[in-house]
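Each residue takes its place number in the sequence, starting with 1.
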Amino acid sequence: MIDHLCITVANFRRSRAWYQAALAPLGYELKYDGEHGAGLAAGFGPQAEEQAVLYLLSAVPGRGQCEPLTHFCLRVDSQATVQAFHAAALQAGGEDNGRPGLREEYGYYAAFVLDPDGYNVEVACYV
């Protein structure tokens, strides 16, 4: 199950306004609007849910586009599954981008691996 998706946008304010308008008929609303790392982030999600599922990330000034350009997270049921994903992804040639562990700022246990194209693949379970 996809938990959330992050995309980097060239013009943060324009994209935030566009997604807010375009997603409104789908019942999505702005759930988060603030800082993220060295840039800005906006998160959108269904009105009936607490969490955002689509995040827009701004390009970081002086660094061009944020890396990676795309990020997605798959939700699983256990920490053991997160660990198994991390091990299998590295064995298959992925690059470690965050060892399995508790991500207190997000309230879940997760691991991150860059795929062969450099996309940041995250697997997480809520604790």
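With hydrophobic clusters built from ILVMFWY side chains whose heavy atoms lie under 4.5 angstrom apart, Leu40 does not share a cluster with Tyr55. When the side chains of ILVMFWY residues are joined at heavy-atom separations under 4.5 Å, either directly or via intervening members, Phe85 and Tyr126 end up in two distinct hydrophobic clusters. Clustering ILVMFWY residues whenever any of their side-chain heavy atoms sit less than 4.5 angstrom apart, transitively, puts Leu74 in a cluster other than the one holding Phe112. Cluster membership check: Ile2 shares its hydrophobic cluster with Ile7, using side-chain heavy-atom separations under 4.5 Å among Ile, Leu, Val, Met, Phe, Trp and Tyr.
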Kindly indicate, with the supporting measurements, whether the criterion side-chain contact (heavy atoms from CB on, under 4.5 Å) is fulfilled by His86 and Val113.
CA-CA 7 Å; His86 188 260; Val113 176; 3.7 Å; yes
Take Val76 and Cys125 through the side-chain contact (heavy atoms from CB on, under 4.5 Å) test and state the conclusion after the steps.
CA-CA 5 Å; Val76 297; Cys125 71; 4.1 Å; yes
Output, in order, the C-alpha distance, side-chain angles, deciding distance and verdict of side-chain contact (heavy atoms from CB on, under 4.5 Å) for Val9 and Trp18.
CA-CA 11 Å; Val9 295; Trp18 186 88; over 6 Å; no
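The two residues Val82 and Pro100 make their nearest non-hydrogen contact at CG1-CB, 4.3 Å. Heavy-atom minimum distance, Asp3 versus Val53: O-CG1, 3.7 Å.
Atom CZ of Arg13 sits about 13.0 Å away from atom CG of Leu56, to the nearest 0.5 Å.
For Tyr106 and Glu122, the side-chain atoms include no donor-acceptor pair closer than 3.5 Å.
The number of heavy-atom neighbours closer than 6.0 Å to CG of Leu26, taken from other residues, nucleotides and ligands shown, is above 12. Residue Gln47 places its CD atom among more than 12 non-hydrogen atoms of other residues, nucleotides or ligands, all under 6.0 Å distant.
For residues 24-37, the pairs satisfying side-chain hydrogen bond (donor to acceptor under 3.5 Å, both in side chains) are Arg16-Asp33, Glu29-Lys31, with sequence neighbours left out.
Just one residue in the list Gln79, Arg103, Gln83, Glu104 forms a side-chain hydrogen bond (donor to acceptor under 3.5 Å, both in side chains) with Tyr109, and that residue is Gln83.
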